[in-house]
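Take a look at the structure below.
In this chain, residues are counted from 1 in sequence order. Owing to the predicted nature of the structure, the values given are computational and were not obtained by experimental measurement. The figures here come from the full heavy-atom set of this structure, side chains too, leaving out hydrogens, waters and symmetry mates.
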Amino acid sequence: MSQTPPTNARALRQASARLRQILAVATVLLVAGEALWCLIGGARGAVDRPLGTLLAAVVTTTLLLAATWWFLDRMVHSDTGGLVVWVAGGYLGKIALLAAGLLGGRALGCDTRVIGVSLIVAILVGMFAEATVLAQARILAVEP
């Protein structure tokens, strides 16, 4: 089997760069939504420990979206033998972040509803962005 054509490598690197930009914007929007939810909910008494919950939700959401890009970027820059390792490692890493965010938030007495919903939205946004960017990449289906 021959090496991956330079065209595919370039297209995948460009897709990774676009994904980083999209996820940066998504992170800002999700953090703004979390802040509104925690501050408004905290003022009404609907969110327990609003500032601690906000901090936990922001950290876990940011780490999850950053991990989405980081694992894809490592996959793009690896050889074909490391591809499966990076994909599997990405799933395991994101599951570990999800568990750490929820269990850590519960241990700190934070409102796990806010953290859980934020993480679910972050996962959905990350998956949608990743699928969209990779689907739009001009990758040759057949090697010349």
Side-chain angles (χ1 to χ4, degrees), residues 1-42 46-108 110-144:
M1 197 154 142
S2 67
Q3 294 286 347
T4 305
T7 306
N8 282 351
R10 191 174 333 111
L12 286 172
R13 287 188 179 105
Q14 290 171 350
S16 176
R18 272 195 315 273
L19 181 66
R20 185 181 61 229
Q21 294 170 344
I22 291 168
L23 291 179
V25 171
T27 301
V28 170
L29 294 174
L30 286 173
V31 166
E34 292 165 352
L36 288 174
W37 187 1
C38 287
L39 296 178
I40 292 171
V47 175
D48 298 331
R49 298 187 58 179
L51 293 179
T53 299
L54 175 61
L55 180 63
V58 166
V59 167
T60 55
T61 300
T62 303
L63 284 175
L64 189 67
L65 290 175
T68 300
W69 169 77
W70 190 78
F71 282 110
L72 180 81
D73 192 57
R74 298 289 81 74
M75 181 191 73
V76 164
H77 288 90
S78 70
D79 58 349
T80 54
L83 182 80
V84 174
V85 174
W86 282 112
V87 171
Y91 283 116
L92 292 175
K94 288 186 267 186
I95 289 170
L97 284 172
L98 177 73
L102 289 173
L103 295 175
R106 181 187 299 171
L108 295 173
C110 298
D111 194 339
T112 54
R113 289 176 304 146
V114 175
I115 299 168
V117 170
S118 297
L119 287 171
I120 290 169
V121 171
I123 289 168
L124 292 173
V125 166
M127 285 173 40
F128 182 74
E130 196 172 14
T132 302
V133 165
L134 289 175
Q136 292 176 351
R138 301 279 180 173
I139 300 170
L140 298 175
V142 178
E143 293 182 22

Got a second to check how far [X]'s [atom1] is from [Y]'s [atom2], nearest 0.5 Å?
X      : Y      : atom1 : atom2 : value
Cys110 : Leu51  : SG    : CG    : 10.0 Å
Leu55  : Arg49  : CG    : CZ    : 10.0 Å
Ile22  : Thr68  : CD1   : OG1   : 12.5 Å
Thr132 : Met127 : OG1   : CE    : 11.0 Å

Do Leu12 and Leu134 touch side chain to side chain, with heavy atoms closer than 4.5 Å? yes

Counting C-beta onward and ignoring hydrogens, is there a side-chain heavy-atom pair between Leu65 and Leu30 closer than 4.5 Å? yes

Which atom names give the shortest non-hydrogen contact between [X] and [Y], and what distance separates them?
X      : Y      : value
Asp111 : Asp48  : OD2-N, 3.6 Å
Ser118 : Thr61  : CB-OG1, 3.6 Å
Leu102 : Thr112 : O-CG2, 4.0 Å
Leu97  : Ala67  : CD1-CB, 3.8 Å
Ala122 : Leu64  : CB-CD2, 3.9 Å
Thr62  : Val31  : OG1-CG2, 4.2 Å

Under the side-chain contact (heavy atoms from CB on, under 4.5 Å) criterion, do Ile123 and Leu98 qualify, and how do the steps go? CA-CA 9 Å; Ile123 289 168; Leu98 177 73; 4.2 Å; yes

Just jot down the side-chain hydrogen bond (donor to acceptor under 3.5 Å, both in side chains) partners of [X], sequence neighbours excluded, or say none.
X     : result
Thr53 : none
Ser16 : Trp69, Asp73
Trp37 : none

Applying ring pair (Phe, Tyr, Trp, His ring centres under 6.0 Å) as the test, list every pair that has at least one member in residues 80-101; sequence neighbours left out. Trp70-Trp86

Are any side-chain N or O atoms of Ser78 and backbone N or O atoms of Met75, one a donor and one an acceptor, separated by less than 3.5 Å? yes

Between the main-chain N or O of Ala57 and the side-chain N or O of Thr60, is there a donor-acceptor pair closer than 3.5 Å? yes

Which residues share a salt bridge (Lys or Arg N to Asp or Glu O under 4.0 Å) with Arg18, sequence neighbours left out: none

Strictly by salt bridge (Lys or Arg N to Asp or Glu O under 4.0 Å), give each pair with a member in residues 116-134 just once, sequence neighbours left out. none

Single hit among Val121, Val58, Ile115 for side-chain contact (heavy atoms from CB on, under 4.5 Å) with Glu34: Val58

